[in-house]
Amino acid sequence: MNQRQPRLARADFSLFRPVPTRWHDNDVFGHVNNVVYYAWFDTAVNAWLIERGFLDPASSAVIGLVVETTCTYFESVAFPETVEIGLGVDRLGTSSVTYRLGIFREGAGQAAAQGRFTHVYVERTTQKPVAIPAPLRAALEGLTSSGERR
């Protein structure tokens with residue numbers, strides 16, 4: 001059995017994205033449903049890629065395909081809270097990147113939930129793995145634990 005991951009803090013992340021919870025994010029137990037956390041992970045990563053010009057969902061020749069995700073929950077969040085999604089990079093390979101993500105209550109010092117999200121970069125038409133493009137690699141290096149914090 002795997003040992004539970006240590007709870008991450010704000011200092012473990014390079015940047016943050018605020019996300020308001022929505023009424024329909026809550027489940028019948030009165031907290032945000034687990035599937036929503038994965039959608040937040042996907043949104044944080046892809047918004048960063050799009051905003052920096054590394055991804056055009058409709059036309060980029062090279063795209064990242066999700067091959068693995070994980071999430072560990074420490075405490076519940078619920079509508080109408082705003083959460084902050086922390087983004088960093090745990091591992092940067094030749095054709096893949098594993099992002100480190102944290103879900104923080106607004107202003108909280110420790111993650112309410114945290115996870116990993118792995119993209120393998122492929123050529124869109126062939127779906128064959130390719131090296132991460134150099135400009136994207138340079139930006140991802142800035143999100144590693146040895147990279148600059150923003």
Nearest heavy atoms of F16 and R10, plus distance in Å: CE2-NH1, 3.5 Å
G30 to A78 - nearest heavy-atom pair and separation: O-CB, 3.4 Å
Side-chain contact, heavy-atom cut-off 4.5 Å: Q114 with C71? no
Quick one, T125 with E123, criterion side-chain hydrogen bond (donor to acceptor under 3.5 Å, both in side chains). Give me CA distance, side-chain angles, the key distance, then yes/no. CA-CA 6 Å; T125 58; E123 203 279 322; 2.4 Å; yes
Interatomic distance, N33 atom CG to D25 atom CG [nearest 0.5 angstrom]: 9.0 Å
Cluster link L8 to F74, ILVMFWY, side chain under 4.5 Å: no
Go through the steps to decide whether V36 and T21 satisfy the test side-chain contact (heavy atoms from CB on, under 4.5 Å), and finish with yes or no. CA-CA 9 Å; V36 175; T21 58; over 6 Å; no
Should V77 and W23 be counted in the same cluster of Ile, Leu, Val, Met, Phe, Trp and Tyr side chains packed under 4.5 Å apart? no
Taking the basic N atoms (NZ, or NE/NH1/NH2) and the acidic carboxylate oxygens, is any pair closer than 4.0 Å for R17 and E84? no
Just verifying a value: how many Å separate I85 CD1 and D42 CG, rounded to the nearest 0.5 Å? 11.5 Å
Do R7 and E75 come within less than 4.5 Å of each other through their side chains, counting heavy atoms only? yes
Test side-chain contact (heavy atoms from CB on, under 4.5 Å) applied to I63 and Y121, step by step: CA-CA 5 Å; I63 57 172; Y121 280 85; 5.8 Å; no
Might you point out which heavy atoms bring W40 and V19 nearest each other, and give the distance in Å? NE1-CG1, 3.6 Å
So L140 and I132, do their side chains get closer than 4.5 Å, heavy atoms only? yes
Taking the six-membered ring of Y99 as reference, does the cationic atom of R116 (NZ for Lys, CZ for Arg) lie under 6.0 Å from its centre and within 45° of its axis? no
Tell me the closest heavy-atom pair linking R124 and Q127, and the distance in Å. O-NE2, 2.8 Å
The test is side-chain hydrogen bond (donor to acceptor under 3.5 Å, both in side chains); show your working for S96 and R91 and say whether it passes. CA-CA 8 Å; S96 68; R91 183 186 170 284; 3.2 Å; yes
Under a 4.5 Å cut-off applied to non-hydrogen side-chain atoms, are V130 and V122 in contact? no
State the CG-CG distance between D27 and N34, to the nearest 0.5 angstrom. 7.5 Å
When you measure from the centre of the six-membered ring of F79, is the NZ or CZ of R22 closer than 6.0 Å and no more than 45° off the axis? no
Do I103 and Y37 touch side chain to side chain, with heavy atoms closer than 4.5 Å? yes
Pairwise side-chain contact, Y38 with T43, heavy-atom cut-off 4.5 Å (strictly under): no
With a 4.5 Å heavy-atom cut-off, do D56 and I50 have their side chains touching? no
Y73, V35: one ILVMFWY side-chain cluster at the under-4.5 Å cut-off? yes
In Å, rounded to the nearest 0.5 Å, how long is the span from CG of N46 to CG of L55? 6.0 Å
Is the shortest heavy-atom distance from the side chain of T118 to the side chain of T69 under 4.5 Å? no
Using the six-membered ring wherever Trp is involved, compare the ring planes of F117 and H119 and label them parallel, tilted or perpendicular (cut-offs 30° and 60°). perpendicular
Rounded to the nearest 0.5 Å, how far apart are CG of L101 and CG of D12? 12.5 Å
Run the side-chain contact (heavy atoms from CB on, under 4.5 Å) test on E81 and E106 for me, step by step, so that the C-alpha distance in whole Å, both residues' side-chain angles and the decisive distance to 0.1 Å come before the verdict. CA-CA 8 Å; E81 292 182 73; E106 197 167 31; over 6 Å; no
According to the interplanar angle, ranging from 0 to 90°, do the rings of F54 and W48 count as parallel (below 30°), tilted (30 to 60°) or perpendicular (above 60°)? tilted
Any donor and acceptor pair, going by atom type alone, linking the side chain of T144 with main-chain N or O of E141 inside 3.5 Å? yes
